[in-house]
Amino acid sequence: MAVRFGILGPLHVLENGRTVDPGSRKQQILLAALLSHANTRVSADSLVEALWDDAPPRTARKNLQVYVSGLRRLAGPGPGPGSGPGVTRISHRAGGYVLHTAEGELDALRFEQRARAGALTEALELWRGSALDGFRDVPLIDSAAQRLDRRFLGVFEDWLDAELAAGRGAEAIERATETAQRHPLRERLRMLQMTALCQAGRRSEALAVYDELRQTLAHELGLPPSPALARFYRSLLCETGPAHPRPERPAELRPPAPRPHRAAAPNLLPTDPPAFTGRAAPVLRLAEVLTGGAGRLAVVTGPLGAGKTALAVHTAHRLAEHFPDGRLFVRLRGEDGRPRPLDDVLRQLLAATACGERDGPAGAPPAGEPSDPRWAWQLWLTGRRALVVVDDARRESEVRPLLPEAGESAVVVTARPRLTGLEGAHRVWLPPFTADEAVEFLGRTIGAERVDADRESAARIVRATGLLPLGVRLVADRLAFLRHVPLGEYGARLGGGRALLDELCGGDPLVRVRLAESVGELPEAAHWAVLRLGLLAGPVFTLDRAAAALDCDPGTAVRVLEDLLEASLLTVAGAEGLAHTVRYEMPALLYAYARERAGRTADRVPVHHR
């Protein structure tokens with residue numbers, strides 16, 4: 001069967017030229033999400049969030065698999081010469097799903113192909129309305145639809161430019177005006193619209209378009225038109241405007257002109273960690289991303305206790321001169337570990353920027369209008385160059401409202417999950433310390449002389465923590481208190497998993513709480529998998545050993561382990577060779593917690609097959 005998909009407008013599916021019902025609303029959401037990221041892996045977490053927002057049922061993963069099965073029957077076999085009953089269109093890959101489609105099967109891919117070939121008229125004819133109309137309330141789909149909208153506008157402007165060059169501006173006026181009304185702040189489009197009106201001898205209407213744009217920019221963004229557009233307008237006033245000027249393209253690319261400061265630049269950063277050690281490569285990588293131009297969004301990922309927040313804060317302190325409008329820090333979770341309401345997060349940021357008050361100097365809503373913290377936050381960011389550190393994100397939807405829609409500001413997000421749904425983000429993976437870095441950190445806290453006197457024991461102590469900065473910090477704090485205990489004697493205390501956890505949690509009881517939280521918020525199958533992996537003899541294991549501990553077949557074990565990799569609760573200690581020779585590693589603190597819990601009968605629940 002020949003199946004074609006359409007997302008350049010309302011979602012539609014055609015089989016042999018006939019419209020096919022794509023199924024229930026949730027199945028349609030799943031199809032739209034996969035088609036909008038065609039031939040690209042979409043994580044299961046992102047799909048669950050798309051289907052159930054912030055309230056997924058306990059059976060969300062199983063329900064997702066049911067919807068995927070339904071789509072496989074609907075979509076038929078995958079593309080290519082080998083298509084047939086054994087070739088799946090939707091495949092499971094690394095904790096997510098990929099919908100495979102060829103250019104001839106998806107209108108968005110045909111649009112790109114025709115646009116690249118210069119067939120602009122044919123490319124635009126594929127559009128039937130707003131991309132993915134009816135699904136824009138789903139953030140995962142809306143971000144992809146906005147990307148398609150921007151691509152459409154770029155192609156449309158190139159088409160209109162070519163029409164004007166050929167002297168067909170008068171014929172293009174209606175279409176240019178209709179598109180400009182849907183995108184009133186697009187300056188290049190407005191300039192082309194004005195040029196078309198001039199070609200048709202309607203100069204006064206072109207002047208009116210500029211005046212309308214000027215007022216809209218002032219009201220919505222507090223900005224004047226770009227210099228290029230202003231020059232073109234002055235040429236029209238003097239009646240010297242050319243029949244077809246070549247509009248400059250900086251309107252979308254240039255940052256808005258900075259607005260004058262009315263107060264000292266805010267600085268909400270925590271204190272730079274005094275014992276910050278090593279991490280030269282991640283610091284350099286993060287700094288390059290945050291100061292490197294458009295799309296300055298970084299996600300620092302890594303296991304619990306890897307020092308993600310410390311890295312982000314330390315780097316932010318070093319970049320003060322690059323962000324003259326302020327450096328802000330906000331936690332997405334409260335002291336109880338629960339997500340903070342978005343409005344609370346925004347109001348904290350706005351309070352720091354002095355624009356949270358209705359009478360505030362900048363970014364406050366006009367008198368008589370309701371206060372909207374999202375609106376005020378975006379307005380403050382426009383035209384400014386600030387750095388925002390967003391700490392401890394678990395879902396993409398928690399981060400998206402905080403990202404700047406305009407201006408030169410940068411954002412760094414710390415998260416254990418990789419947040420693959422954040423498009424355009426640069427990811428900085430933070431591994432554990434090297435052995436030398438861990439020993440150096442220990443020496444900074446308990447004294448270099450004490451460490452130098454018994455470096456062998458010091459190395460054994462930090463290795464017992466798995467070289468995680470959190471574990472090294474806890475053990476360093478403990479040794480700073482126990483100054484009378486030799487390092488060799490203390491290293492002997494850390495022989496077993498329970499001993500390690502008891503030793504480290506003695507100084508910070510919140511460690512067990514954080515470990516329980518990181519495991520408890522996992523989907524059910526992954527939750528029990530972590531606890532059962534605590535039955536293993538050590539934190540490093542192969543697939544076969546994991547399958548035995550999980551009491552399931554290797555295929556099911558691989559998918560469970562990939563979910564834990566996605567959540568940064570496992571790392572790959574050795575990835576060469578076949579799947580059965582890969583060595584997985586659980587962070588030392590998490591393994592100690594899992595081992596402690598593994599002895600409880602209630603935790604011995606088998607992992608169900610998917």
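Just so we're clear, the structure is a prediction, and the values are computed from it rather than from any experiment.
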A.B. asks: Applying side-chain hydrogen bond (donor to acceptor under 3.5 Å, both in side chains) to S457 and R460, what does each step give before you reach the verdict?
C.D. replies: CA-CA 5 Å; S457 294; R460 186 166 61 251; 3.2 Å; yes
A.B. asks: I'd like to know if D142 pairs up with R400 as an ion pair, taking the criterion as any Lys NZ or Arg NE/NH1/NH2 lying under 4.0 Å from an Asp or Glu carboxylate oxygen.
C.D. replies: no
A.B. asks: Mark yes or no for whether E437, through its side chain, and T434, through its backbone, hold a donor-acceptor pair below 3.5 Å.
C.D. replies: yes
A.B. asks: Is there a side-chain contact between V138 and L132 in this structure, where contact means two heavy atoms from C-beta onward sitting under 4.5 Å apart?
C.D. replies: no
A.B. asks: Heavy atoms only: give me the nearest A60-V48 pair and the separation to one decimal.
C.D. replies: CB-CG1, 3.9 Å
A.B. asks: Start with the C-alpha distance between D436 and E440, add both sets of side-chain angles, then the distance that settles side chain to side chain contact (heavy atoms under 4.5 Å, CB included), and finish with yes or no.
C.D. replies: CA-CA 6 Å; D436 288 342; E440 180 186 349; over 6 Å; no
A.B. asks: When rounded to the nearest 0.5 angstrom, what distance separates CG in L470 from CG in L515?
C.D. replies: 8.0 Å
A.B. asks: Surrounding CZ of R25 (heavy atoms of other residues, nucleotides or ligands, distance under 6.0 Å), is the total greater than 12?
C.D. replies: yes
A.B. asks: Can you find a pair of side-chain heavy atoms, one from L11 and one from L31, that are under 4.5 Å apart?
C.D. replies: yes
A.B. asks: Is it the case that the side chain of E49 and the backbone of S397 share a donor-acceptor pair, with hydrogens and angles ignored and the cut-off at 3.5 Å?
C.D. replies: yes
A.B. asks: Spell out, as yes or no, whether a donor-acceptor pair under 3.5 Å connects the side chain of E524 to the backbone of T59.
C.D. replies: no
A.B. asks: Of all heavy-atom pairs between T315 and A287, which one has the smallest distance, and what is that distance?
C.D. replies: CG2-N, 4.0 Å
A.B. asks: Nearest 0.5 Å please: distance from the CE atom of M586 over to the CG atom of L533.
C.D. replies: 4.5 Å
A.B. asks: Is E585 reaching over with its side chain to a backbone N or O of P539, donor-acceptor style, under 3.5 angstrom?
C.D. replies: no
A.B. asks: Counting C-beta onward and ignoring hydrogens, is there a side-chain heavy-atom pair between L479 and L442 closer than 4.5 Å?
C.D. replies: yes
A.B. asks: Tell me whether R147 contacts the main-chain N or O of S36 through its side chain, where contact means a donor paired with an acceptor under 3.5 Å.
C.D. replies: yes
A.B. asks: L419 and side-chain contact (heavy atoms from CB on, under 4.5 Å): which single residue from R394, E398, E396 fits?
C.D. replies: E396
A.B. asks: L589 versus T465: any side-chain heavy-atom pair under 4.5 Å?
C.D. replies: no
A.B. asks: Would you give the length of the straight line joining atom CD1 of I90 to atom OH of Y67, rounded to the nearest 0.5 angstrom?
C.D. replies: 14.5 Å
A.B. asks: Report the distance from atom OG of S91 to atom CZ of R41, rounding to the nearest 0.5 Å.
C.D. replies: 11.0 Å
A.B. asks: Under the side chain to side chain contact (heavy atoms under 4.5 Å, CB included) rule, what do V345 and W377 come out as? Steps first, then yes or no, please.
C.D. replies: CA-CA 11 Å; V345 172; W377 172 240; over 6 Å; no
A.B. asks: Would you compute the distance between atom CG of L47 and atom CD of Q65 and round it to the nearest 0.5 angstrom?
C.D. replies: 11.5 Å
A.B. asks: Determine whether R416 and P303 make a side-chain contact, defined as any pair of heavy atoms from C-beta on separated by less than 4.5 Å.
C.D. replies: no
A.B. asks: Determine whether R89 and T101 satisfy the following criterion, side chain to side chain contact (heavy atoms under 4.5 Å, CB included), listing intermediate values before the conclusion.
C.D. replies: CA-CA 7 Å; R89 182 180 294 279; T101 183; 4.0 Å; yes
A.B. asks: For R93, is the CZ atom crowded, meaning more than 12 foreign heavy atoms sit under 6.0 Å from it?
C.D. replies: no
A.B. asks: Ignoring hydrogens and angles, tell me if any N or O in the side chain of R427 forms a donor-acceptor pair with the backbone of V299 under 3.5 Å.
C.D. replies: no
A.B. asks: Could you check whether E112 pairs with R151 (Lys NZ or Arg NE/NH1/NH2 to Asp/Glu carboxylate O, under 4.0 Å)?
C.D. replies: yes
A.B. asks: If only atom types and distance count, is the side chain of H317 paired as donor or acceptor with the main-chain N or O of P270 below 3.5 Å?
C.D. replies: yes
A.B. asks: Check the surroundings of atom CZ in R444: do more than 12 heavy atoms from other residues, nucleotides or ligands lie under 6.0 Å from it?
C.D. replies: yes
A.B. asks: Using modelled atom types only, decide if a donor and an acceptor are shared between the side chain of K308 and the backbone of V413 within a distance under 3.5 Å.
C.D. replies: no
A.B. asks: When rounded to the nearest 0.5 angstrom, what is the spacing between CG in L430 and OG1 in T309?
C.D. replies: 10.0 Å
A.B. asks: With a 4.5 Å limit on heavy-atom distance, are the side chains of L402 and L342 in contact?
C.D. replies: yes
A.B. asks: Compute both the distance and the angle, then confirm whether R418 meets the cation-pi test with W429: under 6.0 Å from the six-membered ring centre, within 45 degrees of the axis.
C.D. replies: yes
A.B. asks: Below 4.5 Å, heavy atoms only, C-beta onward: do L467 and V462 meet side chain to side chain?
C.D. replies: yes
A.B. asks: Taking the side chain as C-beta and beyond, is there a heavy-atom pair between E562 and V558 under 4.5 Å?
C.D. replies: yes
